[in-house]
**Student:** 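Right, I'll just put the structure down here and ask away after.
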Amino acid sequence: MMVLPGPSLELDWIQVELSASCTGSCVYCPVSRFRGRRREGFMTEEMFRRLEASLASASMVFLQGWGEPLLDPDFWERVARVRASGPRVGFTTNGMHLDRGNRRALLESGVEILGVSLAGGTAETHDRFRAGNPLATVDDHLRELRKEKEEMGADVPKVHLAYQLLASNLSELPRVLDLAEDWGAAQVVVSNLDLVLSRELEKEALTARPDLQEEVGRRLDQARTMAEEQGIAFRAYRHGFGAPRPACTENVLRSCFIAA
């Protein structure tokens with residue numbers, strides 16, 4: 001039997017995977033790599049109801065896991081229920097389903113953080129790694145969202161760009177900062193590929209490329225300077241090859257993840 005945190009336990013955040021399905025075919029994602037060999041679908045209503053009493057124990061509830069949250073047919077109704085329990089709410093999307101209807105629901109929902117996944121600063125690179133999620137569509141949706149926010153005078157959601165750093169897209173970090181400025185993003189978070197699912201991805205994983213560490217440092221420093229000049233928050237973990245660091249920025253002792 002799963003034991004959920006009771007009201008006496010205070011957490012920084014609870015991550016709830018409402019959707020384990022996605023329409024994209026990103027080359028580094030287990031949803032697409034193991035399609036047909038893993039369970040997909042959405043969190044059941046029974047499961048979600050069991051969680052509701054525990055959500056107030058967290059400062060933030062992030063409604064995202066391996067799948068695309070906006071595919072959940074009950075997504076916006078569940079967002080409203082989470083917000084009613086008190087915590088801040090956020091989720092990450094591939095950007096493909098931010099059509100006019102979902103943008104309107106988003107702006108009406110009061111969601112504080114909208115993460116958008118990227119794997120390149122150009123369409124050629126992004127579309128190669130994130131097949132089915134063309135950058136041109138993401139760009140259109142986020143430009144429209146910025147315009148609609150401005151028309152409404154809305155401060156939220158804050159847009160955070162989640163950039164998957166790879167050997168092939170190192171040089172495009174400056175372009176990502178330009179996109180962040182165009183889209184009105186508040187933050188750029190750079191992640192390393194730490195789940196390598198194929199031989200061809202080994203050369204992309206910077207954790208296995210000590211030959212690129214000097215360039216990685218230069219590129220991250222350049223991006224950090226650009227972000228500071230543009231007033232955009234910038235977070236990046238620079239992988240080293242020495243002893244492991246004894247801390248995690250996600251504060252895993254005060255958080256939990258619940259799969260769909």
Side-chain angles (χ1 to χ4, degrees), residues 15 17 19-20 22-35 62 64-70 90-98 113-139 141-142 159-180 182-183 185-209 212-213 215-224 226-227 232-240 248-250 257:
Q15 187 170 348
E17 182 186 53
S19 170
C22 187
T23 53
S25 297
C26 302
V27 299
Y28 50 77
C29 179
V31 174
S32 53
R33 299 293 300 196
F34 300 136
R35 187 158 282 145
F62 210 77
Q64 186 257 341
W66 285 111
E68 168 56 46
L70 290 175
F91 68 96
T92 296
T93 175
N94 59 26
M96 291 301 298
H97 304 278
L98 285 173
I113 296 175
L114 173 71
V116 180
S117 299
L118 296 176
T122 64
E124 179 182 5
T125 302
H126 174 88
D127 296 0
R128 175 159 57 94
F129 289 112
R130 296 185 58 81
N133 306 305
L135 185 60
T137 301
V138 177
D139 181 58
H141 287 169
L142 289 178
V159 176
H160 291 189
L161 304 185
Y163 191 64
Q164 180 67 72
L165 192 64
L166 303 164
S168 294
N169 67 20
L170 259 176
S171 63
E172 296 184 10
L173 263 174
R175 175 58 183 150
V176 173
L177 268 297
D178 290 338
L179 289 173
D182 291 344
W183 297 338
Q187 185 177 59
V188 173
V189 179
V190 178
S191 300
N192 292 287
L193 182 65
D194 52 12
L195 179 61
V196 181
L197 298 172
S198 66
R199 287 289 184 185
E200 60 266 28
L201 279 176
E202 288 183 359
K203 65 180 182 298
E204 296 292 346
L206 296 172
T207 53
R209 296 291 304 271
L212 292 178
Q213 291 311 296
E215 183 181 357
V216 170
R218 286 198 308 270
R219 296 292 186 181
L220 290 180
D221 288 344
Q222 178 188 13
R224 191 173 289 108
M226 286 184 64
I232 298 170
F234 184 83
R235 284 184 56 191
Y237 180 72
R238 181 180 175 183
H239 246 291
C248 175
T249 58
E250 298 297 337
F257 171 76

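Computed from a predicted model, the values in this text were never measured in an experiment.
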**Student:** How many angstroms lie between atom OG1 of Thr92 and atom CG of Leu70, to the nearest 0.5 angstrom?
**Tutor:**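 Answer for the OG1-CG pair, Thr92 versus Leu70, is 10.5 Å.
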
**Student:** Start with the C-alpha gap between Val176 and Asn169, add the side-chain angles, then the distance that decides, and say whether side chain to side chain contact (heavy atoms under 4.5 Å, CB included) holds.
**Tutor:** CA-CA 10 Å; Val176 173; Asn169 67 20; over 6 Å; no

**Student:** Could you state the interatomic distance from CZ (Arg235) to CG (Leu220), rounded to the nearest 0.5 Å?
**Tutor:**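 If we round to the nearest 0.5 Å, Arg235:CZ and Leu220:CG are 13.5 Å apart.
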
**Student:** Please determine, by modelled atom types, if Ser168 and Glu204 share a side-chain donor-acceptor pair under 3.5 angstrom.
**Tutor:**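 Yes.
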
**Student:** Are the side chains of Asp182 and Asp139 in contact, using a 4.5 Å heavy-atom criterion?
**Tutor:**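 No, every pair of side-chain atoms sits at 4.5 Å or beyond.
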
**Student:** Could you tell me the separation between the CD atom of Glu172 and the CD atom of Glu124, rounded to the nearest 0.5 Å?
**Tutor:**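 If I round to the nearest 0.5 Å, the distance is 8.0 Å.
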
**Student:** Considering non-hydrogen atoms only, spot the tightest contact between Ala227 and Phe234 and give its length.
**Tutor:**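 The answer is CB-CB, 3.7 Å.
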
**Student:** Quick check for you: to the nearest 0.5 Å, what is the distance between Leu206 atom CG and Leu166 atom CG?
**Tutor:**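 One finds 7.0 Å between CG of Leu206 and CG of Leu166.
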
**Student:** Tyr28 and Arg33: side-chain donor and acceptor closer than 3.5 Å?
**Tutor:**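 No, no side-chain donor-acceptor contact under 3.5 Å.
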
**Student:** Quick one: does any side-chain atom of Gln64 pair with a main-chain N or O of Gln15 as donor and acceptor, under 3.5 Å?
**Tutor:**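 The answer is no, because no donor-acceptor pair under 3.5 Å joins these two groups.
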
**Student:** Roughly how far, to the nearest 0.5 Å, is OH of Tyr163 from CG of Leu173?
**Tutor:**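 Atom-to-atom, Leu173:CG and Tyr163:OH are 5.5 Å apart.
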
**Student:** Quick check: closest heavy atoms across His126 and Asn133, and the distance to 0.1 Å?
**Tutor:**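 Minimum heavy-atom contact is NE2-O, 3.0 Å.
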
**Student:** Heavy-atom distance under 4.5 Å between the side chains of Met226 and Asp178, does that happen here?
**Tutor:**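 A side-chain contact exists here, since the closest heavy-atom pair is under 4.5 Å.
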
**Student:** Counting only N and O atoms by type, is there a donor-acceptor contact under 3.5 Å from the side chain of Glu17 to the main-chain atoms of Trp66?
**Tutor:**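 Looks like yes, one N/O pair under 3.5 Å.
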
**Student:** Main chain of Ser198, side chain of Glu202: is a donor-acceptor contact present, judged purely on distance under 3.5 Å?
**Tutor:**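 No; zero donor-acceptor contacts below 3.5 Å.
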
**Student:** I'd like to know if the side chain of Ser25 and the backbone of Ser32 have a donor-acceptor N/O pair within less than 3.5 Å.
**Tutor:**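 No, because the side chain of Ser25 does not come within donor-acceptor range (under 3.5 Å) of the backbone of Ser32.
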
**Student:** Specify the closest pair of heavy atoms between Val188 and Ala180, including all atoms of both residues, with the distance to one decimal.
**Tutor:**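 Closest heavy-atom pair between Val188 and Ala180: CG2-CB, 3.8 Å.
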
**Student:** Can you give me the closest heavy-atom contact between Thr125 and Gly120, atom names plus distance?
**Tutor:**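 The answer is CG2-CA, 4.1 Å.
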
**Student:** Determine yes or no for a side-chain-to-main-chain donor-acceptor pair under 3.5 angstrom, with Thr137 supplying the side chain and Met96 the backbone.
**Tutor:**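 No: the side chain of Thr137 does not pair with the backbone of Met96.
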
**Student:** Testing the basics here: between Asn94 and Glu68, what is the closest heavy-atom pair and its distance to 0.1 Å?
**Tutor:**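 In this case the closest contact between Asn94 and Glu68 is N-OE1, 2.8 Å.
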
**Student:** Would you call Asp221 and Arg224 a salt bridge, using N to O less than 4.0 angstrom?
**Tutor:**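 Here Asp221 pairs with Arg224 in a salt bridge, since their nearest N and O are under 4.0 Å apart.
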
**Student:** Determine whether a donor-acceptor pair (N or O, by modelled atom type, separation under 3.5 Å) exists between the side chain of Gln222 and the backbone of Pro174.
**Tutor:**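 The answer is no, because no donor-acceptor pair under 3.5 Å joins these two groups.
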
**Student:** Checking side-chain contact (heavy atoms from CB on, under 4.5 Å) against Val138, which of Asp127, Thr93, Val116 comes through?
**Tutor:**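 Of the listed residues Asp127, Thr93, Val116, the side-chain contact (heavy atoms from CB on, under 4.5 Å) partner of Val138 is Val116.
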
**Student:** Please report the closest heavy-atom contact between Thr23 and His97, naming both atoms and the distance.
**Tutor:**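 Shortest heavy-atom separation between Thr23 and His97 comes out as OG1-NE2, 3.2 Å.
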
**Student:** First locate atom CD1 of Ile113, then atom CD of Gln187, and finally report the distance between them rounded to the nearest 0.5 Å.
**Tutor:**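 So the CD1 of Ile113 and the CD of Gln187 are separated by 7.5 Å.
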
